[in-house]
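In what follows, every chain begins at residue 1, and chains take the letters A, B, ... in the order their sequences are listed.
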There are 2 protein chains.
Amino acid sequence: MSDNADDDPAPAPGSARWWLARETDARPSRQRADGITLRRILDAALLVLQEEGADALTMRRVAERLDTGAASLYRHIASRDELVVLLVDDVIGLPKSNPIQATDWRQRLIRTARNLRGHLLQHRAVVPLITAAQMIGPSSMRGREAVLRYLLADGFDPETAIRIHMTVTHFTVATVQLESRLGARTASERSQLRALFAAQGEHGLSLVSDHAELFAAHESDTEFEFGLAALIHGFEHLRDPPNA
Amino acid sequence: MSDNADDDPAPAPGSARWWLARETDARPSRQRADGITLRRILDAALLVLQEEGADALTMRRVAERLDTGAASLYRHIASRDELVVLLVDDVIGLPKSNPIQATDWRQRLIRTARNLRGHLLQHRAVVPLITAAQMIGPSSMRGREAVLRYLLADGFDPETAIRIHMTVTHFTVATVQLESRLGARTASERSQLRALFAAQGEHGLSLVSDHAELFAAHESDTEFEFGLAALIHGFEHLRDPPNA
DNA sequence: ACCTGAACACCGTTCAAGT
DNA sequence: ACCTGAACACCGTTCAAGT
């Protein structure tokens, strides 16, 4: 009789329903004879991703690293999509971030965002795989709790605190994500970029062409710091209750 | 003797070198007998994407729409990657945006960003395919020229203007991108989300659990407007020369 | 000269057959 | 009962054979 999706037989990997089902089913999953575990699959997948690139992340290749066939992986995960979701959450949770010491909420927000950015940049390979759907896994939840704690302690009301947290987190992930496929820019790539901007004059885009040098010089580190500083300036106007 | 990549035989689709090579080779590409053109391929691809989803965007399926075989597409594009890059730039360029009327740079920035967001939301299917690499195609370049024009006219120095443009554009695209895989949230999905947040109490995350309702209620429209307002507040502090 | 069917080297996933 | 080789239904891309 239900017309919602609560009884959908197969929730999409990464969705709230999927994570919930996962908590419920959290059976210890009796040790298999062959010694293959979810942990080993995730480790193997991360290695494939880092060493061979995104295109190489196939069930067959991961299985190869574990000296078995692709079919064997299906005893531990239901699909390749699940593997990706679990891998992303796993990597997001890796940094045993030492608690952030700072007296000021602005400083704590900035350091938290920089920590996340630094961590993501160290794991560039997984960044393109991150979607909002995956940012509700256990690792993301732990990060949320910590940020929420200090924003509330600093006098923000819960609604504003959550909005600030979401905005900064999404901004940080997104900045890394949009730059991740460009990779580290070589001098040659930068000069190609300058040439491309300069060439736009031929299509009547004189301003883009005139400032080709500045566009080519644009650094995503700078953009991140600039945007983060602007956001935090903006948040001060929205503080509640005002510090008067 | 060159140790840079300028003579790399096959630049990656979407890279500056690739776009540059495309401008140079801009031969009119003599009409084929069968009437298949790049234009028709892009239109067919967009239809496949919108009607059948991301997984259906295969060379075979696009070719089917044009009553031919996959091999025939390779006379017009070099690879599937090229198709995706061209499709994304094509869609970004679609809106014949009527020039934005506003007296204030803040208002113009806000309307430009909202226009872009609205346009992307109307073409959700292509959003996950956007990367920074594609945002240097001809359509993006045209948008850049327009934004740059009014920021410079409003007294920003070129470096700041470019930074503001890049930050707002990336923020806007990224916000849509992170939410795009969640799709329109149904009441059921929202209640699942609330349940997931509420369940975090069992893992010691009491703040996340206590505010489950607020997290589940979080709207990406609100986040977008909140972040955009905060960014623009922040930009005012960085204006150069100051309006004194 | 142009076009494309058929083939190649892959995929994710399933399941019958083995242990 | 558990595991997995082999098969199925797909991919993107190539190229020899056709027109």
Colleague: Look at the rings of A:F171 and B:F171 and say which category their plane angle falls in: under 30° parallel, 30 to 60° tilted, over 60° perpendicular.
Modeller: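 Aromatic pair A:F171/B:F171 classed tilted.
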Colleague: Output yes when A:E189 and B:R17 qualify as a salt bridge under the 4.0 Å nitrogen-oxygen rule, no when they do not.
Modeller: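 No, this pair does not count.
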Colleague: Indicate yes or no: does A:E219 engage B:R163 in a salt bridge with an N to O separation below 4.0 Å.
Modeller: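 No, no charged N to carboxylate O under 4.0 Å.
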Colleague: What is the separation between atom CD1 on A:I41 and atom P on D:dC3, rounded to the nearest whole Å?
Modeller: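 About 11 Å, once rounded to whole Å.
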Colleague: For B:R117, is there an ion pair with B:D221 - N to carboxylate O distance below 4.0 angstrom?
Modeller: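 Yes.
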Colleague: Once each nucleotide of nucleotides 5-19 of chain D is scored for protein heavy atoms under 4.0 Å, what B/S/- sequence comes out, 5' to 3'?
Modeller: B-B---BBBB-----
Colleague: Quick one: A:I36 CD1 to D:dC3 P, roughly how many Å, whole number?
Modeller: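 After rounding, the reported distance stands at 9 Å.
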Colleague: Whole-Å distance between C:dA1 P and B:R75 CZ?
Modeller: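 After rounding, the reported distance stands at 12 Å.
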Colleague: Take A:W18 and A:E82 through the test side chain to side chain donor-acceptor pair (under 3.5 Å) and record every step on the way to the result.
Modeller: CA-CA 10 Å; A:W18 182 86; A:E82 273 202 13; 3.1 Å; yes
Colleague: Runs of at least three consecutive Watson-Crick or G-U pairs, both distances under 3.5 Å, are what I'm after; which ones involve DNA chain D?
Modeller: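 When the pairs of DNA chain D are grouped into runs of at least three, the stems are C:4-8 with D:12-16, C:12-16 with D:4-8.
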Colleague: What verdict does the side-chain contact (heavy atoms from CB on, under 4.5 Å) test give for B:T58 and B:R80, after you've listed the backbone C-alpha separation in whole Å, the side-chain angles of each residue and the deciding distance to 0.1 Å?
Modeller: CA-CA 8 Å; B:T58 67; B:R80 183 181 181 280; 5.5 Å; no
Colleague: Output side-chain donor-acceptor pairs under 3.5 Å for residues 195-205 of chain A, partner residues at least two apart or in another chain, one line each.
Modeller:
| unit_1 | atom_1 | unit_2 | atom_2 | d |
| --- | --- | --- | --- | --- |
| A:Q200 | NE2 | A:L196 | O | 3.1 |

